[in-house]
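Here is the structure we will look at, set down as structure tokens.
In what follows, every heavy atom counts, from backbone to side chain, and hydrogens, waters and symmetry copies are set aside.
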Amino acid sequence: MKKYPVERWHEKIMNDTNIILMNYFLSPKDLEGWLFSHKLLEESQPGVQNIAYFFQRNRNDIEQAIRIDITEADSIKDAEKAFLFMLTDVMAPMEFPESEGNENPGVICYKGFSDIVSLLMFLRGNIVVRVRSIGQKEIPVLDVAKKIDADIISTPEAKDSNRLKLNLDLDAPAEEVLKQLASNSEDSSGKKVYYKIIAPNHRIELSRAGIIHPEPGVPNNIILYAISEEGYVSRVELK
């Protein structure tokens with residue numbers, strides 16, 4: 001059994017941006033220079049959903065192609081387990097090397113064995129990402145991985161919020177609002193929506209089911225962003 005420092009992962013993640021994503025989807029238009037081919041929904045483990053996106057550089061040309069796996073877990077701890085499963089559930093001859101340095105995506109990042117970095121796997125909040133070259137020509141994937149990570153951790157600018165009519169009771173306590181999100185992947189007009197939840201207080205542990213062990217009387221100060229495929233963003237402060 002390959003051994004990875006999961007305890008060190010957790011410490012680093014809990015010191016990072018306190019963020020959870022729900023119903024997250026990758027917008028194909030964000031990957032400039034790549035043509036979206038198709039995607040597959042895969043259920044691998046309880047509490048974990050994986051969507052595999054396929055892109056190619058040119059239409060009808062598979063020489064340069066990439067696969068991007070976006071794994072969304074219920075909580076940070078579940079994401080750590082999913083990341084460990086990703087690293088160990090392969091026929092690799094040894095442990096994947098950790099990719100270190102300020103240029104790497106994610107809080108924790110591992111790479112493949114190729115010198116041109118044609119495989120990257122990283123963890124950010126409750127999201128696990130794997131980007132790999134799958135075309136006839138092996139190509140580097142660092143730039144693509146960095147773009148995805150930047151999208152995950154970015155603070156969206158609220159714009160055109162009037163175009164997003166959310167099916168949420170935003171006057172309810174934060175814990176109750178968060179519990180509504182799982183069943184509201186579309187707004188009232190049918191636009192696909194995902195949610196980015198950010199809590200500045202690191203004593204508050206977030207999950208897709210709400211707040212883990214909420215502290216009575218302690219302000220949550222949670223910021224909820226709703227983002228549509230068209231790029232519309234609504235920003236709501238939850239208490």
Side-chain angles (χ1 to χ4, degrees), residues 4 9 12-13 16-17 19-42 44 48-73 79-80 82-87 89-90 92 96-157 192 194 196 225 227-231 233:
Y4 292 92
W9 294 353
K12 292 181 70 174
I13 292 167
D16 189 54
T17 303
I19 184 172
I20 290 286
L21 274 66
M22 292 188 63
N23 305 321
Y24 179 67
F25 51 80
L26 184 63
S27 178
K29 65 182 181 181
D30 291 338
L31 293 183
E32 185 178 352
W34 289 96
L35 293 175
F36 174 69
S37 173
H38 62 286
K39 66 180 179 180
L40 297 174
L41 175 63
E42 301 174 342
S44 55
V48 174
Q49 174 181 286
N50 184 77
I51 301 178
Y53 297 82
F54 296 83
F55 292 84
Q56 55 199 59
R57 182 69 76 182
N58 300 298
R59 198 173 302 279
N60 301 322
D61 181 0
I62 59 172
E63 183 179 45
Q64 297 186 48
I66 56 175
R67 170 173 171 157
I68 302 170
D69 288 89
I70 305 289
T71 300
E72 180 182 316
E80 292 168 359
F83 193 44
L84 180 62
F85 180 81
M86 178 181 288
L87 292 170
D89 189 42
V90 291
F96 287 107
E98 188 167 356
S99 186
E100 300 177 344
N102 296 330
E103 293 297 310
N104 293 309
V107 182
I108 311 296
C109 182
Y110 286 82
K111 60 183 180 180
F113 303 104
S114 171
D115 291 336
I116 66 170
V117 192
S118 57
L119 167 64
L120 276 175
M121 298 160 284
F122 66 88
L123 180 58
R124 177 77 75 176
N126 68 318
I127 302 294
V128 179
V129 179
R130 176 172 57 195
V131 186
R132 49 181 160 162
S133 170
I134 60 170
Q136 295 172 342
K137 178 182 178 181
E138 188 180 34
I139 58 172
V141 297
L142 177 59
D143 288 345
V144 172
K146 288 167 63 176
K147 286 181 181 179
I148 297 169
D149 189 41
D151 182 58
I152 291 172
I153 63 174
S154 65
T155 301
E157 180 183 349
K192 190 175 180 182
Y194 77 84
K196 185 174 296 189
Y225 294 95
I227 303 104
S228 75
E229 286 184 296
E230 296 84 357
V233 178

Seminar exercise, completed: Residues at least two apart in sequence or cross-chain that pass side chain to side chain donor-acceptor pair (under 3.5 Å) with Y110, listed by chain then number, are W9
Exercise. Excluding sequence neighbours, so at least two apart, what forms side chain to side chain contact (heavy atoms under 4.5 Å, CB included) with A82?
Worked result: Q45, V48, T71, V128
For this session: Using the test salt bridge (Lys or Arg N to Asp or Glu O under 4.0 Å), find all partners of E229 that sit at least two apart in sequence or belong to another chain.
Result: none
Problem set entry | Partners passing side chain to side chain contact (heavy atoms under 4.5 Å, CB included) against P156 (at least two apart in sequence or in another chain) | K196, Y225, I227, V233
For this session: Under the side chain to side chain contact (heavy atoms under 4.5 Å, CB included) rule, collect the residues that match up with D69, sequence neighbours excluded.
Result: E42, N50, A52, R67, R130, R132
Problem set entry | Non-neighbouring partners of S133 that pass side chain to side chain donor-acceptor pair (under 3.5 Å), sequence neighbours left out | none
Problem set entry | Sequence neighbours excluded, every pair satisfying salt bridge (charged side-chain N to carboxylate O under 4.0 Å, His left out) that has a member inside residues 101-128 | D16-R124, E103-K146, R124-D149
For this session: Scan for ring pair (Phe, Tyr, Trp, His ring centres under 6.0 Å) pairs involving residues 113-154, sequence neighbours excluded, and state none if there are none.
Result: F96-F113
Exercise. Are the side chains of E98 and C109 in touch, meaning some heavy atoms are under 4.5 Å apart?
Worked result: no
Exercise. What residues, two or more places apart in sequence or in another chain, satisfy side chain to side chain contact (heavy atoms under 4.5 Å, CB included) together with N23?
Worked result: S185, Y194, Y195
Seminar exercise, completed: Sequence neighbours excluded, the answer for side chain to side chain donor-acceptor pair (under 3.5 Å) partners of Q56 is none
Exercise. Can you name the residues that form a side chain to side chain donor-acceptor pair (under 3.5 Å) with E63, not counting sequence neighbours?
Worked result: none
Identify each donor-acceptor pair in which a side-chain atom of residues 31-39 lies under 3.5 Å from a protein atom, sequence neighbours left out, and give them as a table.
none

